[in-house]
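Every value quoted in this text rests on a predicted model; they were computed, and no experiment measured them. One-based numbering, in listed order, for ligands and for the atoms of each.
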Amino acid sequence: MADLQAIADAVIAGNRDEVAKLVQAAVDEGVSPADIINQGLIAGMSGVGVKFKANEFYVPEVLIAARAMHAGMDIVKPLLAETGVQAKGTVLIGTVKGDLHDIGKNLVSMMLEGGGYDVVDLDVDVAPEAFVTAVNEKSPNLVALSALLTTTMPSMKDTIDALAAAGVRDRVKIMIGGAPVTQEYADEIGADGYAPDAASAVDLANALMG
Ligand code: B1M
């Protein structure tokens with residue numbers, strides 16, 4: 001039987017080959033990609049975060065764990081995408097200016113793809129003007145902003161302000177998320193919604209799409 005905790009442990013150990021092997025075995029057994037991500041890959045990175053906070057892990061260990069997690073993501077991502085029959089809408093996603101954290105954003109992106117959305121990923125350190133340009137070029141239904149640093153949370157407000165100044169704010173719904181972000185902050189900066197994790201981001205997107 002698939003051992004999702006073993007996947008989490010292999011992520012924490014930074015064992016890329018083991019993660020790939022275990023994820024493939026879970027897929028072959030018919031475990032849902034969402035369970036593999038939530039109970040295996042995300043659980044593993046959460047454990048990495050705990051160790052990083054406790055100074056048991058330093059940056060190199062974290063990067064090695066992230067690389068191992070990506071080996072698992074590479075296997076489940078196509079399966080998540082396959083589950084969407086017809087796109088529910090287009091989501092423009094990015095980590096805001098000044099912020100290089102992309103693991104959570106990538107998970108949200110994959111879950112949205114699995115939830116039936118076309119996702120345009122602008123990557124990390126995305127300036128407000130780049131979001132404006134992409135809204136004009138891609139005509140998304142939703143704009144999804146991720147931030148992991150308290151120091152980059154204001155970039156979320158800057159992005160919303162830039163979309164308003166460009167006259168395109170009302171053409172999109174804006175959702176935000178990331179470890180330091182809260183519903184209160186979403187209300188404060190005029191975002192349309194906040195999701196605490198990748199799975200809830202899909203529910204929120206569905207709700208915002210009506
Ligand atoms: Co950074 N880092 N980091 N880091 N890092 C944190 C975030 C930190 C909390 C660690 C700590 O001090 N305890 C801290 C931030 C403190 C703060 O501001 N409150 C921190 C810091 C300080 C820094 C640097 C400044 C360190 C330095 O250089 N002195 C630096 C900043 C670089 C920059 O961005 N300019 C830095 C660098 C790095 C690495 C490059 C080493 C690496 C990033 C690698 C990468 O992303 N490719 C890294 C990592 C890995 C972390 C921790 C350990 C793990 C983050 C992570 O990937 N978590 C993190 C500590 C922690 O979280 N405990 C930390 C797993 C991921 C699945 O969770 O991203 O929260 P998360 O995403 C979740 C939800 O938040 C949500 O869904 C996801 C899945 O459920 N979510 C959304 C995310 N975006 C969403 C968007 C949505 C909805 C939900 O809608 C749009």
Side-chain angles (χ1 to χ4, degrees), residues 7-8 11-12 14 33-73 76 80 89-115 117 119-127 131 140-157 159-160 172-183 185-186 189 191-209:
I7 295 175
V11 168
I12 293 169
D35 283 349
I36 295 172
I37 289 176
N38 289 323
Q39 295 169 42
L41 301 174
I42 291 181
M45 281 313 295
S46 298
V48 170
V50 170
K51 286 182 180 293
F52 189 67
K53 262 189 196 159
N55 291 325
E56 290 173 32
F57 268 18
Y58 295 97
V59 171
E61 287 97 335
V62 172
L63 291 175
I64 290 167
R67 189 186 61 172
M69 190 198 60
H70 279 296
M73 280 187 191
V76 284
L80 272 178
T90 300
V91 184
L92 192 65
I93 192 167
T95 303
V96 295
K97 186 175 179 181
D99 201 321
L100 302 176
H101 295 85
D102 69 353
I103 297 168
K105 183 264 300 169
N106 290 343
L107 288 169
V108 172
S109 174
M110 284 193 300
M111 293 299 284
L112 286 169
E113 284 177 355
Y117 289 90
V119 177
V120 179
D121 189 344
L122 299 181
D123 208 358
V124 297
D125 190 18
V126 184
F131 277 106
N141 308 91
L142 300 167
V143 173
L145 308 176
S146 180
L148 261 289
L149 300 170
T150 46
T151 49
T152 56
M153 285 169 63
S155 295
M156 293 178 146
K157 181 177 187 314
T159 301
I160 294 174
V172 294
K173 296 287 186 186
I174 299 175
M175 54 192 281
I176 66 173
V181 179
T182 61
Q183 180 63 54
Y185 188 67
I189 66 173
D192 297 301
Y194 154 78
D197 55 53
S200 324
V202 179
D203 297 337
L204 175 61
N206 291 338
L208 292 175
M209 289 292 292

Is any side-chain heavy atom of Ile93 less than 4.5 Å from a side-chain heavy atom of Lys105?
yes
When you look for heavy atoms under 4.0 Å from ligand 1, do you find them on the side chain of Ile103, its backbone, both, or neither?
both
About how many Å separate NE2 of His101 and CG of Leu149, when rounded to the nearest 0.5 Å?
5.0 Å
Distance from Met209 atom CE to Leu204 atom CG, nearest 0.5 Å?
12.0 Å
Can you tell me if Asp102 uses its side chain to pair, donor with acceptor, with the backbone of Val124 under 3.5 Å?
no
Please identify which atoms of ligand 1 are closer than 4.0 Å to at least one heavy atom of Met175.
90 (O), 91 (C)
Polar-atom distance check: Pro180 versus ligand 1, any N or O pair below 3.5 Å?
no
Enumerate the residue pairs fulfilling salt bridge (Lys or Arg N to Asp or Glu O under 4.0 Å) with a member in residues 60-70, sequence neighbours excluded, ordered by first and then second residue.
none
Interatomic distance, Met69 atom CE to Ile37 atom CD1 [nearest 0.5 angstrom]:
9.0 Å
Which atoms of ligand 1 sit under 4.0 Å from any heavy atom of Ile176?
87 (C), 90 (O), 91 (C)
Taking distance alone, with no angle check, do Ala179 and ligand 1 share an N/O pair under 3.5 Å?
yes
Examine the proximity of ligand 1 to Thr150 and report which part, side chain or backbone, both or neither, has a heavy atom under 4.0 Å away.
both
Do Met175 and Val143 make a side-chain contact, defined as non-hydrogen atoms from C-beta onward lying under 4.5 Å apart?
no
Heavy atom under 4.0 Å from ligand 1: found in Val124's side chain, backbone, both, or neither?
neither
Relative to the heavy atoms of Ala195, which atoms of ligand 1 are at a distance of less than 4.0 Å?
88 (C), 89 (C)
For ligand 1, indicate whether the residue Val108 contacts it via side chain, backbone, both or neither (heavy-atom separation under 4.0 Å).
side chain
Straight-line distance of Leu142 CG to Ile174 CD1, nearest 0.5 Å:
10.0 Å
Which atoms of ligand 1 sit under 4.0 Å from any heavy atom of Asp99?
34 (O)
Do any N/O atoms on Lys105 end up under 3.5 angstrom from N/O atoms on ligand 1?
no
Can an N or O of Ala198 be found at a distance shorter than 3.5 Å from an N or O of ligand 1?
yes
Scan side-chain atoms only and decide if Asp203 and Ser200 contain a donor-acceptor pair under the 3.5 Å cut-off.
no
The reported gap from CD1 in Ile176 to CG in Asp192 (rounded to nearest 0.5 angstrom) is 10.0 Å
If you measure every N/O of Gly98 against every N/O of ligand 1, is any gap under 3.5 Å?
yes
I'd like to check which ligand 1 atoms, numbered from 1 as shown, lie under 4.0 Å from a non-hydrogen atom of Leu145.
86 (C), 91 (C)
Taking 4.0 angstrom as the limit and counting only heavy atoms of Ala144, give me the atoms of ligand 1 inside it, by number and element.
91 (C)
Within a distance under 4.0 Å of any heavy atom of Leu107, pick out the atoms of ligand 1 and give their elements.
67 (C)
Reported CG-to-CG distance for the pair Leu148 and Asp99, which is rounded to 0.5 angstrom:
5.5 Å
Thr150: which residues meet the side-chain contact (heavy atoms from CB on, under 4.5 Å) condition with it, sequence neighbours left out?
Met153, Pro180
Of the listed options Ser109, Ala66, Gly104, closest to atom 72 (O) of ligand 1 (non-hydrogen atoms):
Gly104
When only distance counts, is Asp102 in polar contact with ligand 1, meaning an N/O pair under 3.5 Å?
yes
Quick one: which of Leu148, Val181, Val202 has a heavy atom closest to atom 70 (O) of ligand 1?
Leu148
Taking a cutoff of less than 4.0 Å between a non-hydrogen atom of the residue and any ligand atom, is Pro196 in contact with ligand 1?
yes
Distance under 4.0 Å to a non-hydrogen atom of Gly178: what atoms of ligand 1 satisfy this?
75 (O), 81 (N), 82 (C), 83 (C), 84 (N), 85 (C)
Evaluating non-hydrogen atoms only, which member of Lys97, Arg67, Met45, His101 is closest to atom 38 (C) of ligand 1?
His101
Taking it one step at a time, do His70 and Asn106 satisfy side-chain contact (heavy atoms from CB on, under 4.5 Å)?
CA-CA 10 Å; His70 279 296; Asn106 290 343; 3.6 Å; yes
